[in-house]
Protein chains: 4
Amino acid sequence: MRFLTAGESHGPQLTAIVEGVPSQLPLQAEDINKHLARRQKGYGRGRRMQIEKDQVQILSGVRHGRTTGAPITLVVENKDWTHWTKIMGAEPISEEEEQEVKRKITRPRPGHADLNGAIKYRHRDMRNVLERSSARETTVRVAVGALAQVILEQFNIRLAGHVLEIGDVKAEQLPFESVDALQEVTEASEVRCMDNEASEKMKAAIDDAKQNGDSIGGIVEVIAENVPIGLGSFVHYDRKLDGKIAQSVLSINAFKGVEIGLGFEAARMKGSEVHDEITYSEENGFQRRTNRLGGFEGGMTNGMPVVVHGAMKPIPTLYKPLQSVDIDSKEPFTASIERSDSCAVPAAAVVAEAAVAWELADAFLDKFGADTMEDIRQSYENYLKEAREF
Amino acid sequence: MRFLTAGESHGPQLTAIVEGVPSQLPLQAEDINKHLARRQKGYGRGRRMQIEKDQVQILSGVRHGRTTGAPITLVVENKDWTHWTKIMGAEPISEEEEQEVKRKITRPRPGHADLNGAIKYRHRDMRNVLERSSARETTVRVAVGALAQVILEQFNIRLAGHVLEIGDVKAEQLPFESVDALQEVTEASEVRCMDNEASEKMKAAIDDAKQNGDSIGGIVEVIAENVPIGLGSFVHYDRKLDGKIAQSVLSINAFKGVEIGLGFEAARMKGSEVHDEITYSEENGFQRRTNRLGGFEGGMTNGMPVVVHGAMKPIPTLYKPLQSVDIDSKEPFTASIERSDSCAVPAAAVVAEAAVAWELADAFLDKFGADTMEDIRQSYENYLKEAREF
Amino acid sequence: MRFLTAGESHGPQLTAIVEGVPSQLPLQAEDINKHLARRQKGYGRGRRMQIEKDQVQILSGVRHGRTTGAPITLVVENKDWTHWTKIMGAEPISEEEEQEVKRKITRPRPGHADLNGAIKYRHRDMRNVLERSSARETTVRVAVGALAQVILEQFNIRLAGHVLEIGDVKAEQLPFESVDALQEVTEASEVRCMDNEASEKMKAAIDDAKQNGDSIGGIVEVIAENVPIGLGSFVHYDRKLDGKIAQSVLSINAFKGVEIGLGFEAARMKGSEVHDEITYSEENGFQRRTNRLGGFEGGMTNGMPVVVHGAMKPIPTLYKPLQSVDIDSKEPFTASIERSDSCAVPAAAVVAEAAVAWELADAFLDKFGADTMEDIRQSYENYLKEAREF
Amino acid sequence: MRFLTAGESHGPQLTAIVEGVPSQLPLQAEDINKHLARRQKGYGRGRRMQIEKDQVQILSGVRHGRTTGAPITLVVENKDWTHWTKIMGAEPISEEEEQEVKRKITRPRPGHADLNGAIKYRHRDMRNVLERSSARETTVRVAVGALAQVILEQFNIRLAGHVLEIGDVKAEQLPFESVDALQEVTEASEVRCMDNEASEKMKAAIDDAKQNGDSIGGIVEVIAENVPIGLGSFVHYDRKLDGKIAQSVLSINAFKGVEIGLGFEAARMKGSEVHDEITYSEENGFQRRTNRLGGFEGGMTNGMPVVVHGAMKPIPTLYKPLQSVDIDSKEPFTASIERSDSCAVPAAAVVAEAAVAWELADAFLDKFGADTMEDIRQSYENYLKEAREF
């Protein structure tokens, strides 16, 4: 599978084309919309989340509720586009209009793509950068990831993205019965956190940041359950699935770190404490006693749950301003405010879940074929049997 | 640029083909050998490092000390191949020979690719897995990265990989004048660490682990200096250069985490403390006061040094054995010892440096063209001027 | 650059996302619409061409008439979608509805993707194949190629696609002053042919085929002028530009052959008659006396016009029926009629032009950079100077 | 699967790395050597073919006669390398040496990559171009294609490359029982031609060209039998397998045209004469009466033999000289002779066979998985059963 996304934050729409999806997969807009809604929830989101309830349109590749094998077009319209047609239109405008409507941006915000993007692409109006570099793009990445989840669910592979830390508040890692159960609990939390006590503290931390005109980041976790042994491969470095997941997660806006399993903590432990011992039973084949390595050995899944952590820095847009310099006047100023979220971590957990889902589904199809769901199911079941009897 | 690597740990040789290198680049085996030697140093390396002094042969794409634009073949021979010709030969062997020479491996080591790789590729002899999944492969990745560094050095972009932590010992982050100065200091340390006091403690920790039949991991840092603004791009998630670096670093054997700049720490700080304020002077154009974001905003370089951290887990091969199960007899056993390093972190710093170098050089050529060094130089200088005058 | 297309023949729309277009390129819908209109012209087109006047919408990546560097979304709506919402909708339908509206297709047409596609993707309703395999998809390929032409025109590289043969009528190869002049002449011909006399005969041949319930194919030529020396590369087989063009042209619906320059004729000539002698003048640098090799040597352009021929078989949809077998009843039948064109060769010339334009523009940006039009222009001019002074 | 090749005509060796080959494939050097030998045969080859009997070494990815899933290194040494170490060495040489040994080439041959490659990569010594652009590279492409054939043979897919035309001599298309039978007949012909009478005429034509200091080209055909329905896909233009084959074949040195099935001839026929009617029997499922479309509809295989034609121009190296210009002195001269083949068409048939084999094997693994031969076999057999019962 492969996909491209397009669209600006205040343009008419966001678009994705996903190519290589097997035929005969049951797929409806609702399967995607529920994840779009999850992304829009979250304590501390700004005004925009209220006006726009994102809805996907499936404009190709699906007929009567099933995929055909053809490329799938996903469109999410921007609801306030009507107010932006002049400012963001594709058509040329006159110079007078330009003065009037352009909302030209010449003041780069630290922590954003603004300045680097403007220099790279020679834009004197940095709106030409920030409209695309905006986290609004993660909407279609969630849509694409939702599609991937529909594939994975056919094989009972379940994912949950949730919040471990916000600012200096750390959730306790509570036990959970299944990824579905975890999902249910975290879905009920306004900060997508499994620990109720921590949830309250996180909300307080968000309120606090907001009041101080500041912002806070956090750490999210994505867990995937029922992943078979052997997705990804050790044979070439760029086929290691944990590496692909690392790229995918780190490329989410504002993410600055990614870990598999114990991650950085593993670097500080002894070898005898880090690895997962191997057991065997006739019924289940080979299994592990623990899951310190987060489901990966040698760049391949090992049958244990996949566990990925991502670190999100605080949103750079700030009430509490930072020093910057106007690119036209070269005068210093204190950075402007484009939006008002003070914490986007709960939403980011949904985006990270989508990113991991895509990589897992893609690796799954690499291994088990990619033409029709029935062919894939046969390959998969043959393989599970072999793996169990290995 | 693109490359493929091949070769087994005890096969005749490791091979890489690098395609897309510009013509007219001065390149000699020595440019690569010095990095191969750096990889082989390091306190706590096992016996093998002594017998093999890796040397590259350049077998295509370079003539009389300059690249031609044609694909470059890099070969590093395995010095002890002569002892392995029967065990690892490509030719079929008789069944009697098989019993005698095969050194069949049926006991998977926790933390290695052994078991998953065997199930995935249906190998009853796990030597067919571990010969390729071995960290021996990083030798050619260092060779390829060295080639990338030769490109970068032409534009005065300098890299250094060094060690921040080993086990529970943490180096102090000392100031340094330049990446070259840092490189010089860390090169002199047996554990590739800038902090002499910490170096001694690290060596003690390695000795300690060895005595206890255990192993320890650590954290490495790669810094790149003089990187221009605008490598990578925000326009599509898979063109973000920090994401590519994350894949490249996490795909190094035993790496479980990667960070850019403050990384996970950034997730615990306030927005006002995390971002890098923008300044301007006529002489230097736009610059930053700080470098908390590790040289990246919006997936692009921002002109500050690129700072990448990678977390390496302890080497899974252990004196202190872990529980596992023989894949033939299904009997439990305690995992065997294949080699004797107890800490590979200093070498891993060199590998991580190579991984980052490749991604930077590739992004550099994406931006400035890729046919000849002279064309690239012109493009680069034009761009630097524009960026400065932006 | 890279792109994906999506959309069915009777779905709501065709969509393309084009990623990697430089910033600062002047681009308007009209630049693309003119090529869409060219594709829709042509003697012998059926009814559908009349109802639908294709118009592109640019929904991202362009602001106020200039590209921003962000991915560009191109949409062409299908005008008769309103009549097909039930038959082609993405939503599930009830079984009763299914009987009523589905227009299920169980009769595969020889020469189409119908049967093979149905077996590959396990479709019992072959509409799920033919809606995507339809030549309707060439509409967006023309749109994408038009975008490529806008890039090429900035560097005065001009293309023309025209018709050499239809059925058994062969145009005379008349001299022309420039590609623009050729374009003007062929644009005025209802069969996009430079030879007026042949044009009339071609029209008669089309009429004749139509009356007999048959169809005819033909041969198209694409010429590109002002292409610099050195696009593509000999260093690796998959970087040869003539090879890429071959794939691109042969992947147009109904194309069965492709030639560069003299093509198959060259195979029957002597070496001394086939190659293009080299001349030199201080003013123009190295040039050629002839252009038998169609502008390519060693997989690279040689500064002469690029000349590509493509062979299109007759449209398989037929009044004059062919034998086939119903996939449900397994009863033989004579193949059904889905549409009424009897010759699509004039349109195919426009599609082939688009295919070649994309490959040239992509190779151009590979060589001269891809961030901004100004940077590219500088690289290009430096290179032209060097080439002239070589 | 993917591969890279490297190596110069007079360098130490040619190298290929092939990544993505399934495990458990029986593979020996002999499987490849027999195709290398076939490539070296052929009436009219020059002296070099005698001195070098190409032999492959398999240096990774194969153990005891079976693939492991790891990347496969193929090396073919150049036998006369010892005479070229100074001229072609990677090491820098002194200026005196340079004068002595360099065999600098400043006289570009029409029809070769010499001039364009020199301008593109800024080489004043065109040896830096011609050593890589040489058809010597096709040796490793044959090696890689041989590996692909070993995969295909496991599924009884058989290929034969043979000669249809040389110069103005055209072979009669005789009936043959199977591709193996065809292979046997053409293997016995010195010009790899099925028609004995034509063979003799072709040899005479080659002799004639040689005597006149001229060269001749020709047309080759590759046939593949037992190819299942549904390789390739219509869903996206770049997944059409006939298009990929077109690129692969046209990228062979000196190829200027490629056709599928009737090819250009189809463009001159009526629709009712071109398409392949569909029949059905319970035993064999859907089949075709004829094979005018060369085994492809909609970019997918249709179960009939794949038939590909390639047109090779006469070898540009000439006794009968063409006009050219020295790049240093800018003086005109008549082009030099680098080698002495006057016809390479019989060898080219083997190269084209290899090119087609690679694309078929790659598409095969795309459809049926790529990890182990046993998994692939299961998928394949399931699919064949379904296709038969469709």
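Computed from a predicted structure; not experimentally measured. Residue numbers start from 1 in every chain, and the chains themselves are labelled A, B, ... in the order their sequence lines are given, proteins ahead of strands.
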Option in A:Q24, A:Q28, A:E30 with maximal non-hydrogen atom pairs under 4.5 Å from chain C: A:Q24
Which atoms of A:R122 are under 4.5 Å from chain C, going by heavy atoms: the side chain, the backbone, both sets, or neither? both
When heavy-atom pairs shorter than 4.5 Å are enumerated against chain C, which of A:P26, A:S60, A:P22 gives the highest number? A:S60
In terms of heavy-atom pairs under 4.5 Å, which option from A:T68, A:I17, A:V62 contacts chain C the most? A:I17
Answer yes or no: is there an ion pair linking C:R63 with A:D125, defined by an N-O contact shorter than 4.0 Å? yes
C:D31 meets the side-chain hydrogen bond (donor to acceptor under 3.5 Å, both in side chains) criterion, sequence neighbours left out, with none
Sidechain-backbone polar pair: C:H10 side chain, C:I87 backbone, donor-acceptor under 3.5 Å: no
Distance alone, cut at 3.5 Å: any donor-acceptor contact between the side chains of C:R239 and C:H236? no
Checking A:A29 against chain C: side chain, backbone, both or neither under 4.5 Å from a heavy atom? neither
Under a 4.5 Å cutoff for heavy-atom pairs, which residue among A:R66, A:H123, A:Q13 has the most contacts with chain C? A:H123
A:E91 portion near chain C, given a 4.5 angstrom heavy-atom threshold: backbone
What I'd like to find out is whether the side chain of C:L74 reaches to under 4.5 Å of the side chain of C:I32, using heavy atoms alone. yes
Toward chain A: residues of residues 364-374 of chain C with heavy atoms under 4.5 Å: C:D371, C:T372, C:E374
Any ion pair linking C:E19 and C:R2 (charged N to carboxylate O, less than 4.0 Å)? yes
Do you know which of C:V129, C:T73, C:I58, C:L14 has the most heavy-atom pairs under 4.5 Å to chain A? C:T73
To check you understand the geometry: which heavy-atom pair defines the closest contact between C:E77 and C:R136, and what is its length? O-NH2, 3.9 Å
Sidechain-backbone polar pair: C:D114 side chain, C:R109 backbone, donor-acceptor under 3.5 Å: yes
Is there a donor-acceptor contact under 3.5 Å linking the side chains of A:T139 and A:R39? yes
Tell me, side chain or backbone of A:S133 under 4.5 Å from chain C's heavy atoms, or both, or neither? neither
State, without any angle test, whether A:T106 and A:D328 hold a side-chain donor-acceptor pair at a distance under 3.5 Å. no
Which of these passes side-chain contact (heavy atoms from CB on, under 4.5 Å) with A:V142: A:D54, A:V351, A:L147? A:V351
Based on non-hydrogen pairs under 4.5 Å, which of A:A90, A:G117, A:P71, A:S23 is most in contact with chain C? A:A90
